[in-house]
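Each remark here refers to the structure printed beneath this line.
Everything numeric in this text was worked out from a predicted model, so none of it was measured. We number each residue from 1, following the sequence as shown.
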Amino acid sequence: MVELIVGKKGKGKTKVLLDKVNGAVKEANGSIVYLDKSTKLNNKVRLIDVSGFPIKNADEFVGFICGILSQDHDLEQIYLDSFLKVAKLEDKDITGTLGQLDEIGKQFNVTFVISVSLDKEEIPEALHGKISVAL
């Protein structure tokens, strides 16, 4: 499953994402991973600084996600901040990559909560049902 938090840069998406991940820790039975470089996390959340890995395109990013999943069979949630940047999708169509993540989420029972620096109107219509917060 994919859940989107959308809004232009500076609108507060990261704060919403951090509030969600820190709240989810209280109810989680399995592992939680947060991809970005924030340090304001509960110590039960595994933080992965994606900028330290040589990801060149969206396909490599999806492979990176699969690698994370293969290492932790108890993983139940992945939070992605700055999605367009870390997935190398700036100025590109996000539909295919989000579709892949949705399928991966269903297959491995993992929820992806993703912040996307686009206004709701810039999100493809097919993805509007996945928007949980629009800022």
Side-chain angles (χ1 to χ4, degrees):
M1 180 181 132
V2 169
E3 179 182 326
L4 300 176
I5 299 168
V6 302
K8 287 288 190 190
K9 186 174 174 126
K11 292 285 187 178
K13 295 178 303 301
T14 297
K15 182 184 179 330
V16 171
L17 199 64
L18 289 171
D19 288 346
K20 280 185 168 282
V21 72
N22 286 320
V25 168
K26 298 171 188 159
E27 300 171 14
N29 294 318
S31 305
I32 297 175
V33 169
Y34 188 96
L35 301 179
D36 194 32
K37 52 187 176 270
S38 178
T39 57
K40 303 171 191 168
L41 293 172
N42 184 299
N43 63 358
K44 294 181 182 176
V45 177
R46 179 175 175 208
L47 175 64
I48 300 174
D49 182 354
V50 181
S51 68
F53 295 89
I55 298 169
K56 295 182 193 104
N57 57 49
D59 288 336
E60 288 183 6
F61 175 75
V62 171
F64 180 78
I65 294 294
C66 290
I68 293 169
L69 286 167
S70 74
Q71 294 297 310
D72 187 349
H73 299 289
D74 293 326
L75 187 58
E76 59 184 52
Q77 297 176 33
I78 296 179
Y79 290 79
L80 301 160
D81 200 6
S82 306
F83 175 70
L84 298 176
K85 187 174 184 176
V86 299
K88 308 302 181 195
L89 286 167
E90 293 170 303
D91 300 319
K92 295 183 178 153
D93 184 9
I94 62 174
T95 309
T97 302
L98 288 176
Q100 283 182 290
L101 292 178
D102 197 37
E103 288 301 315
I104 290 166
K106 289 174 185 170
Q107 182 178 350
F108 294 100
N109 200 29
V110 174
T111 299
F112 292 93
V113 182
I114 301 171
S115 79
V116 181
S117 292
L118 296 172
D119 279 332
K120 183 177 181 179
E121 296 75 30
E122 297 174 282
I123 300 291
E125 186 71 35
L127 299 172
H128 279 209
K130 299 194 176 303
I131 297 173
S132 66
V133 178
L135 302 170

Hey, could you give me the [atom1]/[atom2] distance between [X] and [Y], rounded to the nearest 0.5 Å?
| X | Y | atom1 | atom2 | answer |
| --- | --- | --- | --- | --- |
| Ile131 | Ile123 | CD1 | CD1 | 5.5 Å |
| Lys20 | Leu18 | NZ | CG | 12.0 Å |
| Ile104 | Met1 | CD1 | CE | 15.5 Å |

Using the rule that Ile, Leu, Val, Met, Phe, Trp and Tyr join whenever any side-chain heavy atoms are under 4.5 Å apart, tell me whether [X] and [Y] fall into a single cluster.
| X | Y | value |
| --- | --- | --- |
| Ile114 | Tyr79 | no |
| Val110 | Leu101 | yes |
| Leu127 | Val2 | yes |

Show every donor-acceptor pair shorter than 3.5 Å between a side-chain atom in residues 44-65 and any protein atom, with sequence neighbours excluded, or say none if there are none.
{"from": "Asp49", "atom 1": "OD1", "to": "Ser51", "atom 2": "N", "distance (Å)": "3.1"}
{"from": "Asp49", "atom 1": "OD1", "to": "Ser51", "atom 2": "OG", "distance (Å)": "2.6"}
{"from": "Asp49", "atom 1": "OD2", "to": "Ser51", "atom 2": "OG", "distance (Å)": "3.4"}
{"from": "Asn57", "atom 1": "OD1", "to": "Asp59", "atom 2": "N", "distance (Å)": "3.1"}
{"from": "Asn57", "atom 1": "OD1", "to": "Glu60", "atom 2": "N", "distance (Å)": "2.9"}
{"from": "Glu60", "atom 1": "OE1", "to": "Lys56", "atom 2": "N", "distance (Å)": "2.7"}

Does any part of the side chain of [Y], heavy atoms only, come nearer than 4.5 Å to the side chain of [X], both counted from C-beta?
| X | Y | value |
| --- | --- | --- |
| Phe112 | Leu98 | no |
| Thr14 | Asp36 | no |
| Leu69 | Ile78 | yes |

Restricting to non-hydrogen atoms, name the atom on [X] and the atom on [Y] that form the minimum distance, rounded to 0.1 Å.
| X | Y | result |
| --- | --- | --- |
| Leu80 | Leu17 | O-CD2, 3.6 Å |
| Ile94 | Leu84 | CG2-CD2, 3.4 Å |
| Gly30 | Glu76 | N-OE1, 2.7 Å |
| Ser82 | Ser115 | N-OG, 3.2 Å |

With distance as the sole test, does Lys13 use its side chain to make a donor-acceptor pair with the main-chain N or O of Ile5 at under 3.5 Å?
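No, Lys13 side chain to Ile5 backbone: no donor-acceptor pair under 3.5 Å.
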Got a donor-acceptor contact below 3.5 angstrom from the Asn22 side chain to the Asn42 backbone?
yes
So for atom CG, which belongs to Asp93, do other residues, nucleotides or ligands contribute more than 12 heavy atoms lying within a distance under 6.0 Å?
yes
Full working for side chain to side chain contact (heavy atoms under 4.5 Å, CB included) between Leu135 and Val16
CA-CA 10 Å; Leu135 302 170; Val16 171; 4.1 Å; yes
Side chain to side chain contact (heavy atoms under 4.5 Å, CB included) for Val25 and Leu41? Distances and angles first, verdict last.
CA-CA 10 Å; Val25 168; Leu41 293 172; over 6 Å; no
Would Val21 and Val113 count as a side chain to side chain contact (heavy atoms under 4.5 Å, CB included) here? Give the steps.
CA-CA 9 Å; Val21 72; Val113 182; over 6 Å; no
Pairwise side chain to side chain donor-acceptor pair (under 3.5 Å) hits with a residue in residues 122-135, at least two apart:
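Non-adjacent pairs meeting side chain to side chain donor-acceptor pair (under 3.5 Å): Glu3-Ser132, Lys8-Glu122, Asp102-Lys130.
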Show, in sequence, the C-alpha distance, side-chain angles and deciding distance for Ser31 and Asp74, and conclude whether the side-chain hydrogen bond (donor to acceptor under 3.5 Å, both in side chains) test is met.
CA-CA 6 Å; Ser31 305; Asp74 293 326; 5.3 Å; no
